[in-house]
Amino acid sequence: MASTLLDKIWDAHVVARRADGRDLIYIDRHVVHELHGPHALKHIEEKGRNVRRPDLTVAVQDHTVSTLPGRKTSDHIEAMRRGAREHGFRLFDVGDPEQGIVHVVSPEMGIALPGLTLACPDSHASTVGALGTLAFGCGTTELEHIFATQVMAMSKPRQMRIIFDGRLGPGVSAKDVALYLIRTVGVDAGRGYAVEYAGSAIKEMEIEGRLTLCNLTIEWGARTCLIAPDEKTIAWCAGRPAAPTGELWDAAVAWWRTLATDPAATFDREVRIDCDAIEPQITWGTDPAQVVGISERIPGPDDGDQAQRDKTQRALAYMDLPAGEPLIGVPVQRVFIGSCANSRMSDLRLAAELAQGRKVAPGVTAIVVPGSSTVKRLAEQEGLDRIFTQAGFEWRGSGCSMCAGANGDVGIEGERCVSTTNRNFENRQGRGVRTHLVSPAMAVAAAVTGKITDVRELDKLG
Amino acid sequence: MEPFKTVTGIAAPLLQDDINTDQIIPSLYLRQLNGNLADGLFAYMRRKPDGTSNPDFVLEKPQFRSSAILVTGENFGCGSSREHAAWAMAAFGIRCIIGRSHAEYFRENCLKNGVLAISLEGEAMDSFIAAVNAVDGSAAFTVDLEAQHILGPQPEQRWRFAIAPFERVALLEGLDEIGLTMKHASAIDEWEARAAGARPYLQNFRLP
Ligand code: SF4
């Protein structure tokens, strides 16, 4: 029978079917972080249970880590240290050369690889679907379950394929593709589905772009996503610190080459997106489907049904934006480049290229937070840090930082923040902060002009 | 986990769609390892920037301050997988959330904490909302999981709801999921042994 990519990885990991009809799916790699790990370990200890496979478990410090020099510690950081030490699993600690955001570290270190299953107590676990890793986010109780058993109990989701046709235009990146997709299908279209991203634009896309696209999958409600591994994926994974070597590598690659959806396989739903039509995108509201192309106007309060209109009005009030006007030219006070959506080398290279020879506009606080200490080191070797600081950006230590503000990096009430993160919810980046999600290129354009700007116009603006 | 059988209490209407987990429990309240989650529930909606109560928010109105049932719109609990959102509900005393739909992570987290998330569709939800609005916190509703129905304050008011059989049992009995899985411990051992032979790179994981 014809199988999808998901079927193949799922079937290879079914351990048993539990009495409740759920499949027990083996978890090859378990990657936890300090915001949720300590709670689950505490519960395990209280019940006298053990971590079944500390050798398949890894922890990072990211959510509460200070990005400022000195890297002040937190209760969570201390608790995670204790947990990792006592249960005997590897921790990428603050100060370690590989520390960073879990979804940046996992692919970078070769923890996530094609065909593997991975669990992480974070809804952006799906990021590594870009490599063909079947990843699941989870809550704390589920985390405890995985610590104790190394399996997750799940019902197989329905399956959806999104086919991206065409090519990306100049100034358009994977982030724009993701935002365009979310606005097209809506915030809860993915509920109950596992998603496969395919099509010519995916084939063209570099791995780091695919990571960005997969990162935003939960933003439209789907819990997991996959992209079939191809030669680009294999080349990207080769030589990663935890990637297999020698014969093991050859055997792995031989398997990975079989991991694609069979031509005759069918999906419960299929959506086609024409990438030729995508211009740089930006959110105007407070959910990630409230998106427009940069040349479009902010929607009016009369669009859609009653519930839609109420929502639009609430969002416009929070964002302090006039209905029906263009977004271009709206003044900005803060710019954040970072988060598991956009903080990898390719993001920073592109941002630095645009920032070079320009200056952050007066009155704008612009911050760059590399996704991992590895990214930070590589960027510094290439001199990107100097380009940023000369242009007036702050160059920080790696972590989640202003994405969720769990480390205390937040904006000031009323500020408008153009951000490369994945959530524009009310108060997410600080109480009363107004977030606009964009690509790194669009973030630099806003930083150097002090207002929302079409990055494609940047050269003309000088 | 505290079993869920029958809950009787005030039903508070919070009828916006797409309420996300950052609204339910802002990250500020996650920063302390053992923060006061009841206090953090809907913190920025319940309180003004100066910390005083926002009297317009439903749970701050006198008749709704000890609600046990929250009535919501579409896609409630979207956003992150933080279980703190379900903990905050339970800590505040909300045992049941009745809406048109719930985000998956949130619904699963509720289930694991003895909080029942019920989806009602179309007209059933319309009439339920009308009944909730009609009493405006002056009379209680009863959610009976065994019977799978919600009873309103009026004698004829009854709404049936669906729930997966396993989830119903798990809530009624406060099932220990790890215990349930541990029954398959030998299957897990066997899977590991098989994988180590057939696909050694899965089980063989070394970080430098
Ligand atoms: S960067 Fe943001 S979205 Fe990513 S893991 Fe950290 S807090 Fe979550």
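Numbers restart at 1 for each chain; the letters A, B, ... are given by sequence-line order, proteins then strands.
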Side chain, backbone, both or neither: which part of [X] has an atom under 4.5 Å from a heavy atom of chain A?
{"X": "B:Asp176", "result": "side chain"}
{"X": "B:Ala187", "result": "both"}
{"X": "B:Leu28", "result": "neither"}
{"X": "B:Gln23", "result": "side chain"}
{"X": "B:Asn204", "result": "both"}

Exercise for review: Check step by step if side-chain contact (heavy atoms from CB on, under 4.5 Å) holds for A:His39 and B:Glu83.
Suggested key: CA-CA 10 Å; A:His39 290 283; B:Glu83 197 159 319; over 6 Å; no
Point to revise | B:Ile178 CD1 to A:Arg49 CZ distance, which is reported to the nearest 0.5 Å | key: 4.0 Å
Review point. Rounded to the nearest 0.5 Å, what separation is found between the CG atom of A:Leu56 and the CD atom of B:Gln203?
Key: 5.5 Å
Between [X] and chain B, with a heavy-atom cut-off of 4.5 Å, which part of the residue counts as in contact: side chain, backbone, both or neither?
{"X": "A:Val151", "result": "side chain"}
{"X": "A:Asn407", "result": "backbone"}
{"X": "A:Phe92", "result": "side chain"}
{"X": "A:Ala222", "result": "neither"}
{"X": "A:Arg423", "result": "side chain"}
{"X": "A:Tyr26", "result": "side chain"}
{"X": "A:Pro121", "result": "backbone"}
{"X": "A:Lys42", "result": "side chain"}
{"X": "A:Pro244", "result": "side chain"}
{"X": "A:Glu34", "result": "neither"}

Check your understanding: For A:Thr64 and B:Arg31, what are the C-alpha separation, side-chain angles and deciding distance, and is it a side-chain contact (heavy atoms from CB on, under 4.5 Å)?
Key -> CA-CA 7 Å; A:Thr64 68; B:Arg31 284 174 63 192; 5.5 Å; no
Point to revise | Leading residue by heavy atom contact count with chain B [cutoff under 4.5 Å; candidates A:Leu248, A:Thr117, A:Thr141] | key: A:Thr141
Quick check: does any side chain N or O of [X] sit under 3.5 Å from a backbone N or O of [Y], one acting as donor and the other as acceptor?
{"X": "A:Arg18", "Y": "B:Leu180", "result": "no"}
{"X": "B:Tyr105", "Y": "A:Gly137", "result": "yes"}
{"X": "A:Arg90", "Y": "B:Pro208", "result": "yes"}
{"X": "A:Arg29", "Y": "B:Leu202", "result": "yes"}

Point to revise | side-chain contact (heavy atoms from CB on, under 4.5 Å) assessment of A:Leu24 paired with B:Trp191 | key: CA-CA 11 Å; A:Leu24 295 180; B:Trp191 191 93; over 6 Å; no
Check your understanding: Any side-chain heavy-atom pair from B:Asp22 and A:Glu426 closer than 4.5 angstrom?
Key -> no
Review point. Under a 4.5 Å cut-off applied to non-hydrogen side-chain atoms, are A:Arg191 and B:Arg107 in contact?
Key: no
Point to revise | Lys/Arg N to Asp/Glu carboxylate O, B:Asp18 vs A:Lys311, below 4.0 Å | key: yes
Point to revise | Presence of salt bridge, A:Arg52 and B:Glu192, under 4.0 angstrom | key: yes
Review point. Taking the six-membered ring of B:Phe166, is the NZ or CZ of A:Arg22 close enough (under 6.0 Å from the centre) and on axis enough (within 45°)?
Key: no
Check your understanding: When you look at B:Phe205 and A:Leu116, which way does the side-chain contact (heavy atoms from CB on, under 4.5 Å) test go after all the steps?
Key -> CA-CA 12 Å; B:Phe205 175 51; A:Leu116 267 56; over 6 Å; no
